[in-house]
Protein chains: 2
Amino acid sequence: MTDSLEKRLENALLNGSKSDKKIANFMKGALNDLPFETASSVATKVKVSEATVGRFCRTLGYASFKDLKSHLQNDIAHNPWLMSDRLRELQDSAAGDDTGLTRGMELEIAGVVSVYEIARSAEWQQVVERLANIHRVFVAGFQTERGIAQYFANQLQYIRDRVTLLDLSGGNFVEALVSDGDACLVMFEARRYSRLAKVLAQEAQAAGIPVTLVTDVYCDWGFAAADEVFAVPTQFNQFWDSTALMASLSNLMINGVFKELGPEVDLRLEKIARLYGRVTGHVGDPLTQVAK
Amino acid sequence: MTDSLEKRLENALLNGSKSDKKIANFMKGALNDLPFETASSVATKVKVSEATVGRFCRTLGYASFKDLKSHLQNDIAHNPWLMSDRLRELQDSAAGDDTGLTRGMELEIAGVVSVYEIARSAEWQQVVERLANIHRVFVAGFQTERGIAQYFANQLQYIRDRVTLLDLSGGNFVEALVSDGDACLVMFEARRYSRLAKVLAQEAQAAGIPVTLVTDVYCDWGFAAADEVFAVPTQFNQFWDSTALMASLSNLMINGVFKELGPEVDLRLEKIARLYGRVTGHVGDPLTQVAK
DNA sequence: GATTGAATGAAATATTTCTTGCAATTTGGT
DNA sequence: ACCAAATTGCAAGAAATATTTCATTCAATC
């Protein structure tokens, strides 16, 4: 029994119990972070009790989680844990056949920084409070950003009521907007900007509905048609603009609203999860087995 | 005072007291082993009392040795070839009133690095080629990741034919899968995993369809049910897991497929943009004014 | 050489991390 | 559907790791 940790983990992945698999899988996926973890931190992350983590390590043949870690030190001594080493590695491996990936990563990292800068602005706080308190929220996205809009809307729906993702198929969204006084609109859009986006923003503003626009840095009509404009970086050395960071921004926004709403959101979350569990089921739910 | 650990150590090496120098010197030389050490193990090795190690960490600006280690884990900031000024500025400005935002940013940046590491793996290349060449692509996403799936599918549709975003309302996706031989499936999912996700993956595999799963590091059923599993980091110090980086991964994937397909994609892109322009219109298009 | 202030280690205390025993739950086989 | 075996979480206890206090040492200044 002098296998490497990885071997043992894979073995556990096949033969282990349910919790064992969870732990093994997590460890396998997070080998780099393992040295920084403790038995209890792992336990929390995979939602298992500390005791189980300890026992798991023992079934693997180590004396404890600590013992496992110290073997890790020797076992895979060439695995870089330190972020700086990992970066260096990326850099090196990219040195020859560079596909521009490394440069893209630098840009995307810079983009993340920008997004977090946005999240510190006064405008941001204003939007967060509005999303927490206003009666009704509409969300819209165009072209490829439809997905981002849906992502945002779905998450917001988890933590509050009356969130509607506008269907833009026809342009039939206008009546939805005039129907209600106390509402706001969040839009996701990047070039080439859909004509609908501008129309929608203008109609909304005309109806007295505050408009928040998440877009790229090239959008020139946004400032006129929206109350707040959050411009996220989109050029990461890829063949076309990437609006991926809008998702990061969305999450930050959701997080802000969550904190604004306070603890009672938890109840709602739990309720929704339970409902989903009833209707569709989660992996591992014993109660929702479907008849064969 | 937002220098990197290495900088701080060097500083201590010059200005520190006798013990400080001993400790600093040791740490500098054993950076890679540091994650495995504890305050007392260091104390023993350097022949200093534990207390001194603790104090040393505090003079360096960390709360404890443990805190120092956790900074080591994703210390992006001290990589000069990455960001620098703005990042540092942001960290400084956040020094006091922190809401955990800065910590979250560090984690998310580290996450971006992980995603780019994934994009260099052999599995990745395999998926890219498959997506470029296979006859038919199905995309699926569950719960909040539906949006990401849509985002991915939309973009893929821009550069190739026969991409279908599966509608999961009923579970009626199964016939879609058996209908065709030469197809593959890309799934986005994070915990709590929808039961549908697992079922779909298994059905697909049973039908001989390669399955690629983009998920978080906690997914334990993925390895059994999917051909490739890309585990993206999701914990950024927010109240719940953020799957935002899946969007970044999506874009990288699209970019890869694009390059694989070669230049003739441009034609397709142009055609689609023109079509969209006709039907809905882009901002600034003079031809698509609607009659008032 | 005396005085002061910083630095240090030892011991006591606090905190974190791990293990163990036990009850409850789940699993797998009949 | 039932039962036995395995698995798991909880809670209490044990061990480890870290912090604080305090008396001592050391070094610099006068």
Side-chain angles (χ1 to χ4, degrees), chain A residues 9 11-27 33-73 277 281-292, chain B residues 8-9 11-27 30 33-73 192 195 198 218 220-221 224:
Chain A
L9 285 178
N11 192 47
L13 223 36
L14 296 176
N15 308 328
S17 71
K18 204 157 56 173
S19 301
D20 284 359
K21 284 183 191 166
K22 278 203 276 190
I23 302 171
N25 177 63
F26 172 79
M27 286 191 177
D33 297 331
L34 230 45
F36 301 95
E37 305 281 359
T38 87
S40 51
S41 72
V42 171
T44 316
K45 291 193 185 182
V46 297
K47 300 219 199 304
V48 177
S49 77
E50 299 176 29
T52 304
V53 175
R55 280 188 284 249
F56 173 73
C57 295
R58 237 155 291 131
T59 59
L60 248 52
Y62 302 96
S64 67
F65 183 76
K66 236 177 305 182
D67 184 44
L68 183 154
K69 275 204 295 188
S70 71
H71 277 81
L72 192 64
Q73 188 171 14
H282 293 111
V283 170
D285 286 355
L287 301 172
T288 53
Q289 304 289 352
V290 268
K292 275 276 166 67
Chain B
R8 297 187 203 189
L9 286 178
N11 193 46
L13 226 35
L14 297 175
N15 308 329
S17 70
K18 204 156 52 176
S19 304
D20 284 358
K21 285 181 191 168
K22 278 201 281 188
I23 302 172
N25 185 53
F26 171 79
M27 285 191 178
D33 297 330
L34 233 42
F36 300 97
E37 305 282 356
T38 84
S40 48
S41 73
V42 172
T44 316
K45 293 192 183 181
V46 188
K47 298 216 199 309
V48 179
S49 76
E50 297 174 36
T52 305
V53 176
R55 277 190 286 252
F56 173 73
C57 295
R58 237 153 292 133
T59 57
L60 249 49
Y62 302 98
S64 66
F65 183 74
K66 230 178 309 178
D67 184 43
L68 184 153
K69 276 202 296 188
S70 75
H71 277 263
L72 206 56
Q73 184 175 11
R192 300 182 50 191
R195 201 184 51 78
K198 193 173 175 183
Y218 308 105
D220 55 338
W221 51 269

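Note that these values count all heavy atoms, side chains included, but never hydrogens, waters or copies made by symmetry. Each chain gets a letter, A, B and so on, in the order its sequence line appears, and its residues count up from 1.
Taking both residues in full, the closest heavy atoms of B/A39 and B/V53 are given as O-CG2, 3.8 Å, listed atom of the first, atom of the second, then distance. Taking all atoms of both residues into account, the shortest heavy-atom contact from B/K22 to B/V46 is CB-CG1, 3.5 Å. Heavy atoms only, all atoms of each residue included: A/E37 and A/F26 are closest at OE2-CZ, 4.2 Å. Heavy atoms only, all atoms of each residue included: A/A12 and A/A24 are closest at CB-CB, 4.0 Å.
Nucleic acid contact for A/A51: base, since at least one base atom lies under 4.0 Å from a heavy atom of the residue. Within the 4.0 angstrom heavy-atom criterion, only backbone atoms of the sugar-phosphate kind lie near A/V48; the bases stay farther away. In this structure, B/A43 reaches neither bases nor backbone, as no heavy-atom distance under 4.0 Å exists between it and the strands shown.
For A/K18 and C/dT27, the shortest distance from a side-chain N or O to OP1 or OP2 is below 4.0 Å. Contact annotation: B/T38 reaches the phosphate of D/dA18 (side-chain N/O to OP1 or OP2, under 4.0 Å). Contact check, A/T52 against D/dG9: a side-chain N or O comes under 4.0 Å of OP1 or OP2. Put simply, B/S64 has no side-chain N or O that comes within less than 4.0 Å of OP1 or OP2 on D/dA18.
Look at NZ on A/K22: it is 11 Å from C1' on D/dG9, rounded to the nearest Å. For the pair B/D20 CG and C/dG9 C1', the computed distance is 14 Å after rounding to whole Å. Atoms NZ (A/K66) and C1' (D/dA18) sit 13 Å apart, rounded to a whole Å. In this structure, B/I23 places its CD1 atom 14 Å from C1' of D/dA18, rounding to the nearest Å. Going from atom CZ of B/F56 over to atom C1' of D/dT20 covers 20 Å, rounded to whole Å. One interatomic measurement links the two molecules: CZ of B/R58 to C1' of D/dT17, which rounds to 13 Å at whole-angstrom precision. Distance CZ (B/F36) to P (D/dA16): 20 Å, rounded to an integer number of Å. One interatomic measurement links the two molecules: CG of B/L68 to P of D/dA18, which rounds to 11 Å at whole-angstrom precision.
A distance of 4.5 Å separates CD in A/Q73 from CG in B/D33, rounded to the nearest 0.5 Å.
For the pair A/E50 and A/R55, nearest-nucleotide mapping onto DNA chain D gives the more 5' position to A/R55.
Donor-acceptor pairing under 3.5 Å is lacking for the side chains of A/T44 and A/S41. Judged by distance alone, the side chains of A/S17 and A/S19 never bring a donor and an acceptor atom under 3.5 Å apart.
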All N/O contacts under 3.5 Å from nucleotides 3-6 of chain D to the protein, with atom names and distances to one decimal?
none

